[in-house]
Amino acid sequence: MSQRSKVIELYKTLLHLGKDYPQGADFFRTRLKRAFLKNKDVTDAEQIKKLIGHGEYVVKELEALYMLKKYRTLKRRYETDILPNLETKIEKTVSSKP
Amino acid sequence: MARVLVGVKRVIDYAVKIRVKPDKSGVVTDGVKHSMNPFDEIAVEEAVRMKEKKIASEIIAVSCGPAQSQETLRTALAMGVDRGIHVEIAAGDLNTIQPIHISKILAKLAADEKADIVIVGKQAIDDDSNQTAQMTAAYLDCPQGTFASKVEVNGKELTVTREIDGGLETVKVQLPAVLSADLRLNEPRYATLPNIMKAKKKPIKKVTPKDLGVDVSPRIEIVSVEDPPVRQAGAIIPDVDTLYILKW
């Protein structure tokens, strides 16, 4: 694959991932575009390779972020047996003020 | 090698704030982001890993729901499922379809497809029923390994580690068997863009419950859907002694 198509594919992948970004797809897209435009004048092949590598790192980080966010949300929703009970207990105690 | 059937449900995305309709007939679903039930993602991932370990020969994903359920099936296909079956549920039945109907459908499809392992998520994040796996096993008259946090396959036998209150339980079940995936079974992969594109070429068969001979007429009537009571505001008290007094 030529370097040009690699860059385009990376951009598409990031754009796709950005759809689920917590702060919104638009937020992500503007920043993504800015990041790519910032390096539009880079011509050195070695330098481009490095930048693609950084982009792929961001892809991995985003995937990990989404996975963790989902896992934590579900864990909080379905596996907090002890803490909420404690919370409601304290709440009850406080609200049943004599 | 085993044939695996996975059930995937299209639900409102876990990150969306759920809103109840003003007439209390249900929740707002129009224009709301939907995605695959996270527990079903874990089930799909487990099936795909079985295929990668050459334990499974073919993975079939089933989704029961409206036309948009095909998108959910596509996600499953992008994760590595071989083909999909979309059981189309008429719009009128969508709110009253229950795990009992789904398990009849799954059992029928598992028998038709000669599936050795049926994997579903332990529960869906919309109705939290947690019944489908158990009832499917009952209809198939086969063993079940529910709340699986680890699954090992040795020949015609599965060793399933189950998450139970306060610990883990390990059971051995003979194939064919039904499994339900708990949160810690695995970490589902992300459906990448190229894979989603490739998944568009994979086949999805469309059937109706009638084709399968399953009656989906409602067994329940939804009386009212309401928001949970809002959490009461806490009170700030000056010191621990006051808390102690309040407690008694």
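Naming convention: chains lettered A, B, ... in sequence-line order (proteins, then strands); numbering from 1 in each chain. Given the structure is predicted, the values throughout are model-derived calculations rather than measurements.
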Using a cut-off of 6.0 Å, state whether more than 12 heavy atoms not belonging to [X] lie near its atom [atom1].
| X | atom1 | value |
| --- | --- | --- |
| Lys21(B) | NZ | yes |
| Lys24(B) | NZ | no |
| Lys150(B) | NZ | no |
| Lys69(A) | NZ | yes |

Original post:
To the nearest 0.5 Å, what is the distance between CG (Leu10(A)) and CG (Leu193(B))?
Top reply: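 One finds 11.5 Å between CG of Leu10(A) and CG of Leu193(B).
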Original post:
NZ of Lys70(A) to CD of Glu187(B): how many Å apart, nearest 0.5 Å?
Top reply: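 If I round to the nearest 0.5 Å, the distance is 12.5 Å.
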Original post:
Which residues from residues 15-46 of chain A are near chain B, with near meaning under 4.5 Å between non-hydrogen atoms?
Top reply: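 The stretch touches chain B at His16(A), Leu17(A), Asp20(A).
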Original post:
Within residues 58-66 of chain A, which positions have a heavy-atom distance to chain B below 4.5 Å?
Top reply: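 Within residues 58-66 of chain A, near chain B: Glu63(A), Tyr66(A).
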**OP:** Identify the residues of residues 118-133 of chain B whose heavy atoms come closer than 4.5 Å to a heavy atom of chain A, ordered by number, or report 'none'.
**Re:**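 Heavy-atom contacts from residues 118-133 of chain B to chain A are Gln123(B), Ala124(B), Ile125(B), Asp128(B).
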**OP:** Please list, chain by chain and in numerical order, all residues satisfying side-chain contact (heavy atoms from CB on, under 4.5 Å) with Ala56(B), sequence neighbours excluded.
**Re:**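 For Ala56(B), the residues satisfying side-chain contact (heavy atoms from CB on, under 4.5 Å) (neighbours in sequence not counted) are Val4(B), Met50(B), Lys51(B).
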